[in-house]
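All ligand and atom numbering here is 1-based and tracks the order in the structure.
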Amino acid sequence: MDLPTMEDSKIIFALDVYDRDTGIELAKNLADQVFAIKVNWPIILENGIKIISELSKYSKIICDFKLADVENTDKLITEKVAQYGAWGIISHAFTGIKSLRAVVKSAGQMKVFSVVSMSQESYIDNVYDKLVDDSLKAGVFGLVAPANRPDRLKKIRDISGDIKIIAPGVGAQGGNIISAIMAGADYIIIGRSIYDSPDPIGAIKKFNDEATKL
Ligand code: O7E
C-alpha cells in the first residue's frame with residue numbers, strides 16, 4: 001500500500017489524544033509531513049486496538065506500549081499488535097535480553113525499538129550502556145533516547161554505531177531539534193507542540209524546515 005508519509009521527514013508525530021475523530025483527522029492531515037505516527041495508550045484505551053488498522057491507512061504506525069514484562073507476556077502483546085498492521089513497536093530494555101529477544105522474534109515485519117534512556121531522569125540512567133548492549137545483541141531495529149538531554153544522547157550514539165535512534169523531548173519537554181540531531185538522533189518524536197498548536201500543519205512544517213537546515 002502506498003502511504004503519503006514523507007520519507008525524508010525527521011519527525012515522528014506522537015498522537016497522544018483520546019478521541020478517535022480527532023486522532024483520525026490529525027493523522028489524515030499530517031501524514032504527508034511526518035516519517036511516522038506514534039500511538040500510545042490514550043487512543044488505544046479509548047478506542048480499542050482496531051484504531052491501529054484505521055490509522056495505518058494514513059501513515060506508518062509505531063505502537064508505543066513500552067513493553068516491560070516477562071518474555072511470554074511481551075510475546076503475546078507483540079503478536080497481537082502485529083495482527084493490526086502496526087509498522088513498529090516499542091519495548092523497554094530494562095527487563096533484559098530474554099524479553100527483548102522475544103519481542104524481536106515475535107514482531108514479524110514490525111520494527112522493534114527499545115528504550116535505553118528517558119527524557120526525564122530515571123533509574124535506567126545507571127545502566128544505559130548495558131541496555132544499549134543488550135538491545136544491539138537482541139537485534140532491535142532502533143533505540144529510544146532523549147532529545148532533551150543531548151549529552152546523554154551523544155553518549156548513546158557513540159556506543160551504538162549507526163543503528164536508528166528516535167528521540168522524544170523536543171518542544172514541551174524543553175528539547176531542541178537541532179541539538180538532538182547533532183547529538184545523533186535520526187528521528188525526533190514530537191507530540192504536544194504539534195497537536196496542541198492552533199496550526200498543527202504549520203507547526204510540523206516549521207519542525208521539518210528546522211531539521212532539514214542541517
Ligand atoms: O512531550 P511531547 O508531548 O512532545 O510527547 C513526547 C512523546 O514521547 C510522548 O508520547 C511520550 O510518551 C514519549 N516519550 C517521552 O516523552 N519520553 C521518553 O523517555 C520516552 C518516550 C517515548 O516515546 O518512548 C518511546 C518512543
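Taking 4.0 Å as the cut-off, Lys38 counts as a neighbour of ligand 1 on heavy-atom distance.
When side chains are defined from C-beta on, Val104 counts as touching Val140, because their heavy atoms get closer than 4.5 Å. The shortest side-chain heavy-atom distance between Met110 and Trp87 does not fall under the 4.5 Å cut-off. Contact of the Pro42 side chain with the Val17 side chain is not registered, since no non-hydrogen atoms from C-beta on lie closer than 4.5 Å. Residues Leu26 and Phe13 are in side-chain contact: their nearest non-hydrogen atoms beyond the backbone lie under 4.5 Å apart. The shortest side-chain heavy-atom distance between Ile166 and Lys38 does not fall under the 4.5 Å cut-off. At least one side-chain heavy atom of Ile201 sits under 4.5 Å from a side-chain heavy atom of Leu30.
With a heavy-atom cut-off of 4.0 Å, Lys66 touches ligand 1 through its side chain alone.
Near Gln173, with a cut-off below 4.0 Å to any heavy atom, the atoms of ligand 1 are 1 (O), 6 (C), 15 (C), 16 (O). Residue Ala14 approaches ligand 1 through these ligand atoms, each under 4.0 Å from one of its heavy atoms: 7 (C), 10 (O). Here is the list of ligand 1 atoms found below 4.0 Å of a heavy atom in Arg192: 1 (O), 2 (P), 3 (O), 4 (O). Applying the 4.0 Å criterion to heavy atoms of Ile90 picks out, from ligand 1, the atoms 25 (C), 26 (C). Residue Asp16 has at least one heavy-atom neighbour below 4.0 Å for each of these atoms of ligand 1: 9 (C), 10 (O).
Taking each heavy atom of Val144 and Pro168 in turn, the nearest pair found is CG1-CD, 3.8 Å. Closest of all the heavy-atom pairs between Asn208 and Gln33 is ND2-O, 2.8 Å.
Separating the OH atom in Tyr195 from the CG atom in Asp16 is a distance of 4.5 Å, to the nearest 0.5 Å.
In terms of polar-atom proximity, Ser193 is not counted as a contact of ligand 1, lacking any N or O under 3.5 Å from an N or O of the ligand. Looking at Asp64 next to ligand 1, an N or O pair under 3.5 Å apart turns up.
With respect to atom 12 (O) of ligand 1, the closest heavy atom belonging to the protein is Asn40 ND2, 3.3 Å. In this structure, atom 5 (O) of ligand 1 lies nearest to the protein heavy atom Gly191 N, 3.8 Å.
With atom 14 (N) of ligand 1 as the reference point, the heavy atom nearest to it among Pro168, Gly142, Ser122 is part of Pro168. Ranked by closest heavy atom to atom 15 (C) of ligand 1, the top entry among Pro146, Ala167, Ser119 is Ser119.
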